[in-house]
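First up is the structure itself, then whatever we jot down about it.
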Amino acid sequence: MLSLSIHFLFLFLLLISLLAVNACSTNKYPINSEQANNEIQPILDFQKDKSDKPFLPILLMHGIKASNETLKTLQKNILKNVPAGTRVFSIDCENDLTSIFKNMNDQLKDFTTAVQTLQKQYNFTDHHLICHSQGGLLCRSFIQMNKNHNVKVFISLSGVQNGQFGIPNSSNDWEYLIRKYLPVLLNVTREQVYHILYNKVAQDSISIAGYWRDPYQVAMYESVSSFLAILNNQTNYFDFASHYNYRENVLKIDKMVLTASPQDEVIMPYESAHFGFYYEYVKGYNKDNLMIRPMKDSEIYEKDVFGLKTLDLNNRLIRISVDNVKHNDWIFNEELFVKYMKPYLY
């Protein structure tokens with residue numbers, strides 16, 4: 001067992017490693033709402049056929065250690081490629097550190113309030129959701145838990161839909177810090193993270209804890225997880241799916257679009273974005289040889305816990321895998337929007 005001080009130091013570094021490739025400088029894309037309107041609208045006036053009917057409002061939600069400003073480039077790319085008059089909102093909640101140091105249940109409350117406020121302020125009901133990374137899971141929870149939602153198309157961009165079990169190691173600064181100051185942590189593995197995250201303090205205060213899914217610690221995950229296990233109805237103490245009508249709520253949408261890439265360097269395993277995940281470890285087998293359970297072999301699909309199977313059988317579930325796409329490419333690359341998101345919007 002690691003000491004308490006090492007726990008907190010490792011937790012800090014774990015967060016840095018998860019966020020290093022996911023955080024984007026807002027100064028790099030300094031376009032606020034007024035600037036976007038001033039700069040983009042004349043282009044739209046020239047390029048767009050005025051007879052085109054505007055799409056439903058499109059609401060965007062960012063991922064971890066990001067903010068509504070992070071999605072300004074995506075917002076700009078959408079406005080450039082949809083009918084004139086389409087409204088696109090980057091939701092202003094759970095920004096920056098709040099996206100880390102607030103549990104996912106509280107984030108869901110804030111997100112729900114933010115959506116309802118936008119609907120009232122701009123006088124609309126039906127809308128689409130495009131959500132990135134942790135935001136993809138947050139948006140899924142909004143749909144599942146809210147019988148009065150008005151979401152028509154839900155697009156999850158490399159969303160951590162079925163949990164995280166891995167520590168991204170793409171930051172040279174992070175590696176340097178450990179090697180110089182805390183070399184003992186070089187021996188800490190993903191298999192030890194549950195010591196830090198599977199407790200009430202972490203579950204109540206850290207977003208990642210709510211969807212950390214350790215295939216070696218299934219019983220603990222089922223009893224301790226305060227978010228993902230509840231959304232997937234995998235707890236060992238209550239039937240949340242029936243209580244909150246998960247299936248009925250999700251089936252109100254027209255389509256669910258899930259994007260992923262084998263080269264995603266943040267979501268681990270990347271198949272989580274398509275509701276795949278590791279098989280639970282069985283004692284006696286090779287601990288280093290975790291295999292992926294495909295979505296269609298999972299209990300959440302077979303039992304249609306929140307409507308995945310029904311969506312799939314009715315061609316309303318679209319799973320897109322694109323090679324050589326990094327985690328943040330989905331929110332900065334215009335071509336990805338045009339090819340893999342726009343065709344499902346209206």
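Quick note: residue numbers are just sequence positions, from 1. Worth knowing before you read on, the calculation uses all heavy atoms, side chains too, and leaves out hydrogens, waters and symmetry mates.
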Aromatic contact between Tyr281 and Tyr216, with the criterion being ring centroids under 6.0 Å apart: yes or no?
yes
Determine whether the aromatic ring centres of Phe165 and Tyr211 lie less than 6.0 Å apart.
no
Looking at Glu222, I want to see if its CD is surrounded by more than 12 non-hydrogen atoms of other residues, nucleotides or ligands under 6.0 Å.
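Atom CD in Glu222 is packed in, count exceeds 12.
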Electrostatic pair [X]-[Y], nearest N-O below 4.0 angstrom:
{"X": "Glu94", "Y": "Lys102", "result": "yes"}
{"X": "Glu334", "Y": "Lys80", "result": "yes"}
{"X": "Lys296", "Y": "Asp312", "result": "yes"}
{"X": "Asp304", "Y": "Arg247", "result": "yes"}

Report yes or no: do Asp239 and Asn233 form a side-chain donor-acceptor pair below 3.5 Å?
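Yes, a side-chain donor-acceptor pair sits under 3.5 Å.
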Less than 3.5 Å apart, any donor N or O on the side chain of His327 or Ser133 sitting next to an acceptor on the other?
yes
Using the side chain to side chain contact (heavy atoms under 4.5 Å, CB included) criterion, which residues pair with Tyr244? Sequence neighbours excluded.
Met145, Phe240, Tyr246
Of all residues at least two apart in sequence or in a different chain, which pass the side chain to side chain contact (heavy atoms under 4.5 Å, CB included) check with Lys339?
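Listed in chain order: Glu335.
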Let's go through Phe154 and Tyr344 carefully: what are the C-alpha distance in whole Å and the side-chain angles of both, what is the deciding distance for ring pair (Phe, Tyr, Trp, His ring centres under 6.0 Å) to 0.1 Å, and is it a yes or a no?
CA-CA 9 Å; Phe154 167 44; Tyr344 304 102; over 10 Å; no
With salt bridge (charged side-chain N to carboxylate O under 4.0 Å, His left out) as the criterion, how do Lys200 and Asp204 come out once you've worked through the C-alpha distance, each side chain's angles and the decisive distance to 0.1 Å?
CA-CA 6 Å; Lys200 190 175 187 306; Asp204 287 349; 2.5 Å; yes
Phe238 and His243 aromatic ring geometry - parallel, tilted or perpendicular at 30°/60° bounds:
perpendicular
